[in-house]
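Here is how names work: the chains are called A, B, and so on, in the same order as the sequence lines, proteins then strands, and each is numbered from 1.
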2 protein chains.
Amino acid sequence: MPLEKRIVGIAGLGLMGGAIARAMGKLNPALILAHDIDSAVLRSAEQGGVIAKGFEDPVSMLSRCDLVFLCLNPSTLIRFTEEHMTSFKEGAILTDVGGIKESIAALADRVRPDLDFIPGHPMAGSEKDGFLHSEMVDFTGKNYILTPVQRNRPENLTFFKDLILRMGFARITETTAEDHDDKIAFTSQLCHVIAASLIHCERDTGITRFGGGSFEDLTRIAMLNAPMWTELFLENRKKLLERITSFEKSLDEIKEMIGAARAEELEANLSAVRNRRSAMAE
Amino acid sequence: MPLEKRIVGIAGLGLMGGAIARAMGKLNPALILAHDIDSAVLRSAEQGGVIAKGFEDPVSMLSRCDLVFLCLNPSTLIRFTEEHMTSFKEGAILTDVGGIKESIAALADRVRPDLDFIPGHPMAGSEKDGFLHSEMVDFTGKNYILTPVQRNRPENLTFFKDLILRMGFARITETTAEDHDDKIAFTSQLCHVIAASLIHCERDTGITRFGGGSFEDLTRIAMLNAPMWTELFLENRKKLLERITSFEKSLDEIKEMIGAARAEELEANLSAVRNRRSAMAE
């Protein structure tokens with residue numbers, strides 16, 4: 001069934017839910033519906049033409065949707081899906097956009113037999129949150145990680161991957177939930193912990209007069225959504241702690257070279273770092 | 001004397017020297033001359049109309065210049081200035097663009113009595129280096145730090161500050177060399193150490209498939225000019241080590257909240273971080 005005949009539902013019309021609704025709008029599905037607990041957000045999205053209709057009560061929306069994007073924080077998402085398990089339309093495809101995947105993969109394994117939950121993680125966002133900032137999120141050229149479960153139907157996976165590329169994403173990586181959570185602990189969560197720690201240790205808000213771009217780049221993501229990141233950090237605690245420890249060890253090695261003024265070793269290591277970073281794709 | 005009557009000299013036509021030559025070009029000084037040890041760079045700058053004439057031997061250039069930008073690594077700069085002390089034009093203004101200021105302030109204090117050395121630090125750059133990338137450096141809206149010494153002449157300071165703003169910089173902060181080195185240890189050097197440490201602890205160059213912007217932002221500056229940053233780190237060793245230690249303590253506090261799953265405390269701290277970062281000017 002082509003997208004033009006499918007009804008798309010967004011549960012949670014925040015930053016990512018809003019960005020997905022906007023991207024979907026350009027692809028002409030049969031209808032775009034959304035559920036949110038904030039009626040003002042729903043009215044604004046309706047008036048802006050981002051969605052056809054908003055629902056404060058999810059039940060009547062879920063029963064109509066062929067494809068549902070669950071754009072909720074992980075714990076809320078799990079509770080929401082369990083609670084409304086009987087409300088989803090027969091044979092619907094479900095997917096999520098969350099930053100951790102192991103608990104979501106477990107959920108995907110236990111949804112109603114006719115439903116097909118494909119866990120996903122669009123690697124895009126903004127340091128701002130909420131629907132009102134969703135226009136700022138740009139999917140062009142970004143990564144999308146999928147952690148399919150065994151029971152996902154091949155035809156649904158094919159359909160969804162095609163949709164992801166049509167939304168503007170450049171690369172789809174399929175991997176296990178565990179591998180995702182391990183890599184993301186490094187590329188995303190550790191980076192947020194570092195940015196937060198940089199701000200946590202400096203009380204002078206005038207310090208940016210001494211900024212030349214590096215500090216601004218490293219700490220922009222410190223403007224994080226605190227409840228969401230608290231959940232992500234704690235949910236992926238074990239892997240994140242390993243990554244923090246490994247980073248601390250690495251930092252300590254460089255600190256020692258500086259402390260002992262081992263210029264040649266320091267320069268050789270900085271050169272190696274430069275080369276490795278340059279070898280990494282943007 | 002207006003800029004239109006002054007001859008400007010650039011010693012060291014790399015990334016910053018090139019960027020300054022280009023910015024000066026738009027302000028119509030009497031002439032722009034440059035010295036570099038790489039004759040290919042000088043020829044390319046001449047052909048591109050960025051400078052009027054390049055000199056491999058600095059002596060004949062220095063004797064003509066009313067304003068000299070010393071765009072060399074700190075140790076080279078100090079050696080160069082000492083070595084050519086007799087070559088500078090009577091009454092010339094000298095300035096530098098380096099990332100550490102205490103040793104430069106000491107140099108500014110001991111130049112020939114008729115010379116006026118105003119130590120400065122334009123807070124702009126690029127992760128690429130060399131003259132060929134100097135076109136990428138944008139001064140618009142950036143910070144410029146000055147750490148004047150007692151003997152700097154007020155009329156020269158006024159002239160130079162006006163010039164900085166005409167180059168496109170938005171804010172000039174005047175402070176002591178010591179304060180500069182302390183703040184820069186945090187906003188610049190620590191950030192580069194962190195970026196380098198992040199790459200130092202990850203061998204998988206395919207990791208960027210799992211990047212969503214944060215990792216890319218935090219590690220772009222890991223593509224650093226290794227010899228220059230080795231010098232900057234070691235020259236400012238004491239203050240940088242203090243900043244690394246304070247960051248490590250801060251990181252450890254957040255790591256502990258995560259490790260002990262103290263959700264409320266973690267969320268409160270992340271909220272505080274978000275608010276403090278938002279309060280900082282960009």
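Only the side chain of A/Thr175 comes within contact range of chain B, with heavy atoms under 4.5 Å apart. The parts of A/Ile207 that come within reach of chain B are both its backbone and its side chain, each placing non-hydrogen atoms under 4.5 angstrom from that chain. For A/Leu266, the parts lying near chain B are the backbone and the side chain together; criterion is any non-hydrogen pair under 4.5 Å. Interface remark: A/Ile194 contributes backbone and side-chain atoms alike to the contact with chain B (heavy atom separation under 4.5 Å). Only the side chain of A/Ile145 has a heavy atom closer than 4.5 Å to any heavy atom of chain B. Only the side chain of A/His192 has a heavy atom closer than 4.5 Å to any heavy atom of chain B. Contact of B/Ile184 with chain A is made through the side chain alone, with heavy-atom distances under 4.5 Å.
If you tally non-hydrogen atom pairs under 4.5 Å between each of B/Ile244, B/Leu224, B/Ile221 and chain A, the highest count goes to B/Leu224. Contact count versus chain B (heavy atoms, under 4.5 Å) is highest, among A/Lys249, A/Met257, A/Glu253, for A/Glu253. If you tally non-hydrogen atom pairs under 4.5 Å between each of B/Leu241, B/Thr245, B/Ile258 and chain A, the highest count goes to B/Ile258. Among the candidates B/Asn269, B/Thr219, B/Asn275, B/Leu240, the residue making the largest number of heavy-atom pairs closer than 4.5 Å to chain A is B/Thr219. Of the listed residues A/Ala263, A/Gly213, A/Gly125, the one with more heavy-atom pairs under 4.5 angstrom with chain B than any other is A/Ala263. Here A/Leu218 is the residue among A/Val193, A/Leu218, A/Ile254 with the most heavy-atom pairs under 4.5 Å with chain B. With chain B as partner, the option from A/Cys191, A/Ala195, A/Ala170 having the largest number of non-hydrogen pairs under 4.5 angstrom is A/Cys191. Contact count against chain B (heavy-atom pairs under 4.5 Å) is highest for A/Pro227 among A/Pro227, A/Ser188, A/Ala272, A/Ala279. Among B/Lys142, B/Glu264, B/His200, the residue with the largest count of heavy-atom pairs under 4.5 Å with chain A is B/His200. When each of A/Met123, A/Glu231, A/Arg274 is checked for heavy-atom pairs under 4.5 Å with chain B, A/Arg274 comes out on top. The residue among B/Arg237, B/His180, B/Arg276 with the most heavy atom pairs within less than 4.5 Å of chain A is B/Arg276.
Legend: salt bridge (charged side-chain N to carboxylate O under 4.0 Å, His left out) pairs involving residues 183-207 of chain A, not counting sequence neighbours, sorted by first then second residue: A/Asp179-A/Lys183, A/Glu202-B/Arg243.
No donor-acceptor distance shorter than 3.5 angstrom exists from the side chain of B/Thr205 to the backbone of A/Met280, with no hydrogens or angles considered. At distances below 3.5 Å, at least one donor-acceptor pair connects side-chain atoms of B/Asn143 with backbone N or O atoms of A/Thr208.
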Could you go through the salt bridge (Lys or Arg N to Asp or Glu O under 4.0 Å) check for A/Glu248 and B/Lys255 one step at a time? CA-CA 11 Å; A/Glu248 285 175 330; B/Lys255 184 187 181 188; 2.8 Å; yes
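Checked against a 6.0 Å centroid threshold, the rings of B/Phe186 and A/Phe215 count as neighbours.
The CZ atom of B/Arg262 sits 13.0 Å away from atom OG1 of A/Thr230, with the distance rounded to the nearest 0.5 Å. A/Leu270 contributes atom CG, which lies 11.0 Å from atom CE of B/Met228 (distance to the nearest 0.5 angstrom). For the atom pair B/Asp217 CG and A/Ser214 OG, the distance stands at 11.5 Å (nearest 0.5 Å). To the nearest 0.5 Å, atom CG of residue B/Leu198 and atom OG of residue A/Ser250 are 7.5 Å apart. To the nearest 0.5 angstrom, A/Thr187 atom OG1 is 13.0 Å from B/Arg209 atom CZ. Distance check, rounded to the nearest 0.5 Å: SG of B/Cys201 to CG of A/Asp252 gives 12.5 Å.
Heavy atoms of other residues, nucleotides or ligands lying less than 6.0 angstrom from CG of B/Leu165 number more than 12. A 6.0 Å sphere centred on CD of B/Glu242 holds more than 12 heavy atoms belonging to other residues, nucleotides or ligands. For CD of A/Glu174, the number of neighbouring non-hydrogen atoms (other residues, nucleotides, ligands) closer than 6.0 Å is greater than 12.
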